[in-house]
Amino acid sequence: MFTWEFATDPYPAYAWLREHAPVHRTRLPSGVEAWLVTRYGDAKQALADQRLSKNPAHHDEPAHARGKTGIPGERKAELMTHLLNIDPPDHTRLRRLVSKAFTPRRVAEFAPRVQELTDRLIDQFMTKGSADLIHEFAFPLPIYAICDLLGVPREDQDDFRDWAGMMLRHTKAGHGAGPRGGVARSVKKMRGYLAELIHKKREALPAEPVPGEDLISGLIRASDHGEHLTENEAAAMAFILLFAGFETTVNLIGNGTYALLTHPDQRERLQDSLARKEGDLLETAVEELLRYDGPVELATWRFATEPLTIGGQDVAPGDPVLVVLAAADRDPERFADPDVLDLARRDNQHLGYGHGIHYCLGAPLARLEGQTALATLLTRLPDLRIAVDPADLRWRGGLIMRGLRTLPVEFTPAADGAVQPS
C-alpha cells in the first residue's frame, strides 16, 4: 500500500481489506502506525464516535513518529485551534461561531462570482484548443473563490495561489516521497499574512455588518454569548477554510472531469441533460463523483482516548485511526454495483464530506464550485477529451487527499474573444 502504483488505483486493495482485514493496523511510510477502517458501517460509526478525538495531544506517539500527523508547520505557526484539531466543547463553540459567517445562503449569494471566475478561466485557454485542466482551471478556481469569500484583496490573491501551489506540490508526507518543509514555509507565510489582514480588518471594522461582508470580517465580528474569537482562533479558522477548501475542490473538479471523460456514456447523458436546462442530473452527478472517486481518500486523523472496539478489532488509547472514505464509499454492503459510475444514483449517502460533528463545513461551497465547473466545461467545450493515454497520468502521492497531478485535454478551439454562454 501507499506506493505510486497504489495511488493510481487503490480500489482493488481497499476491496481486499474490506473483505479480509476491515480494520487493519499498518505502518505508514512516515513511520506512524495507524488503524485503517474500510467498511462503510464501521467508517460511519468511527466518524461519529466521540471517543476518537481530533486533538493530536491524544496521540501516543513514539519519538520517530513525532510531528508526522496533521498539516506540516501548523503547530509552529500557532494554527492548531481549528475545527480539524479540536473536540467539544471548543469545537462546538468555534463551529457555531464560524457557521454564523459561513451559511448556505451566503454560498448561494456567491454563485454569480463562482460562475464569473469559471468563465474567466475557460476564456484564458479556450482559443488554444488544449489545456492542463488541473493547473489552468481546477486549481485556480477554488483558490480565487475562497480568497474572495474570505476577503483577501484581489491584489494579494496571486500570493495565496503561490503558497497553495507550494502546499499542493509538497503534501506527500504520507508516502514519504517529499519534504514537508515546503508546506511548513508556505503555512508560515500564510499565517503571517492572515495575522496582518485580520488586524487591519479589525481596525477598520464598521460598527454594524454591511451587505456582503467578507468571511474574515464575519469571523472577527462573530460572538457566542459575548465571547469573541481570539486573533489566533480567527487566523486558524481562516487558514483551515482556505487549506481544506481549496485542495478538496481541486480534486473534486479534476477527479470528476477525469471520470466523465473516461465514461463517455455518462458524460453524454449529463451533456444532454444540461442542454435541456435540467438541474437534477447535475446535482446527483456531483454526489456520485464524490462517491465514486472523491477528493478525500482518508478522513483526517483521529486518536483513541480510551479502549474501544471498531469492527471487532480492539483499539488502544492513543492509537491513531484513519477512516478510509474511498473504501467505505465503494462498499458493496452499502452501495449496489459500487464500482459502476451511475450519475443518476439516488440512494447515495456517501461519506465524501465526512459524517457527524466534523461534517465538512464548506460542503455547500464545494458542491457549488463542482457543479458550476463541470457544467460550464461540458457546455462550453462539448468535445473535451483527454490528450494523453490515461495510463500515463500520475496521481499525487499523499495520505489524505486523492487527485491528479495534471490533466492534459484537447478540444476544438473557440474563435478569439468568443465567450460562449454557460
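Note: hydrogens, waters and symmetry copies are ignored here, and every other heavy atom, side chains too, is used. Quick caveat: nothing in here was measured; it's all calculated off a predicted structure. We're numbering straight along the sequence, starting at 1.
- Scanning for side chain to side chain donor-acceptor pair (under 3.5 Å) contacts around R291 gives E288, with sequence neighbours left out.
- A donor-acceptor contact closer than 3.5 angstrom links the side chains of Q115 and T376.
- Judged as a side chain to side chain donor-acceptor pair (under 3.5 Å), and not counting sequence neighbours, E283 has no contacts.
- Although no hydrogens or angles enter the test, the distance criterion places a donor-acceptor pair under 3.5 Å between the side chain of E136 and the main chain of D132.
- By the 4.5 Å heavy-atom criterion applied to side chains, W35 and Q313 are counted as neighbours.
- Listed here is the closest heavy atom pair of Y353 and Y359: O-CD1, 3.4 Å.
- Under the 3.5 Å distance criterion, the side-chain polar atoms of R380 are left unmatched by any main-chain donor or acceptor of L378.
- Between the side chain of K54 and the backbone N or O of W301 there is at least one donor-acceptor pair closer than 3.5 Å.
- Judged by distance alone, with hydrogens and angles left aside, the side-chain atoms of T284 form no donor-acceptor pair with the main-chain N or O of R346 at under 3.5 Å.
- Atom CD of E109 is surrounded by more than 12 heavy atoms from other residues, nucleotides or ligands within 6.0 Å.
- The side chain to side chain donor-acceptor pair (under 3.5 Å) test applied to D293 returns Y11, R402, not counting sequence neighbours.
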Step by step, would you call R18 with E333 a salt bridge (Lys or Arg N to Asp or Glu O under 4.0 Å)?
-> CA-CA 10 Å; R18 275 196 313 267; E333 293 294 317; over 6 Å; no

CA sep, side-chain torsions, deciding dist, call: K189, D159, salt bridge (Lys or Arg N to Asp or Glu O under 4.0 Å) = CA-CA 10 Å; K189 289 177 183 177; D159 287 336; over 6 Å; no

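- Listed for the T372 side chain is no donor-acceptor partner under 3.5 Å among the backbone atoms of E369.
- For Q124, the CD atom counts as densely surrounded, since its 6.0 Å shell holds more than 12 non-hydrogen atoms of other residues, nucleotides or ligands.
- Between Y40 and F335, the distance from one ring center to the other falls under 6.0 angstrom.
- Applying the side chain to side chain donor-acceptor pair (under 3.5 Å) test to pairs two or more places apart or on separate chains, those with a residue in residues 141-150 are R113-D148, Y144-D158, Y144-R161, D148-R154, D148-Q157.
- Here H355 pairs with K44, L47, A48, L351 under the side chain to side chain contact (heavy atoms under 4.5 Å, CB included) rule; sequence neighbours left out.
- Between R330 atom CZ and T38 atom OG1 the span is 14.0 Å, to the nearest 0.5 Å.
- With hydrogens and angles ignored, the 3.5 Å screen pairs a side-chain donor or acceptor of T305 with a backbone N or O of R51.
- Of the possible polar contacts, none joining the D331 side chain to the A328 backbone as a donor-acceptor pair under 3.5 Å is found.
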Please walk me through it: do D342 and R269 pass salt bridge (Lys or Arg N to Asp or Glu O under 4.0 Å)?
-> CA-CA 10 Å; D342 177 7; R269 188 178 183 184; 3.4 Å; yes

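- A salt bridge does not link D49 to R302: none of the charged nitrogens lies less than 4.0 Å from a carboxylate oxygen.
- Salt-bridge check for D214 with K201: passed, with a basic side-chain N closer than 4.0 Å to an acidic carboxylate O.
- The distance from the CG atom of L282 to the CG atom of L343 is 9.5 Å, given to the nearest 0.5 Å.
- To the nearest 0.5 angstrom, T406 atom OG1 is 7.5 Å from I134 atom CD1.
- Enclosure of atom CZ in R105 is not indicated, since only 12 or fewer non-hydrogen atoms of other residues, nucleotides or ligands lie within 6.0 angstrom.
- Side chain to side chain, E410 and S130 fail the donor-acceptor criterion of an N or O pair below 3.5 Å.
- Shown here for L28 and A34, the closest heavy-atom pair between the two residues is CD1-CB, 4.4 Å.
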Go through the steps for E116 and R120 under the test salt bridge (Lys or Arg N to Asp or Glu O under 4.0 Å), then give the verdict.
-> CA-CA 6 Å; E116 178 189 337; R120 190 184 80 193; 5.5 Å; no

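- Without hydrogens or angle criteria, R396 side chain to L404 main chain gives a donor-acceptor distance under 3.5 Å.
- Minimum heavy-atom separation, I400 to A299: CD1-O, 3.7 Å.
- Nearest heavy atom pair, residue A373 against residue T118, reads CA-CG2, 4.1 Å.
- To the nearest 0.5 angstrom, L289 atom CG is 10.5 Å from Q371 atom CD.
- At a cut-off of 3.5 Å, with distance as the only test, a side-chain donor of R267 or Q271 sits close to an acceptor on the other residue.
- Looking only at distances, no side-chain donor or acceptor of D337 sits under 3.5 Å from a matching main-chain atom of V340.
- The CZ atom of F110 sits 7.0 Å away from atom CG of L365, with the distance rounded to the nearest 0.5 Å.
- Checked by atom type and distance alone, the side chain of T309 never pairs as donor or acceptor with a backbone atom of G312 at under 3.5 Å.
- Residue pairs satisfying the ring-ring contact (aromatic ring centres under 6.0 Å, His included) criterion with at least one member in residues 253-272, sequence neighbours excluded, are listed as follows: Y258-W395, H263-Y292.
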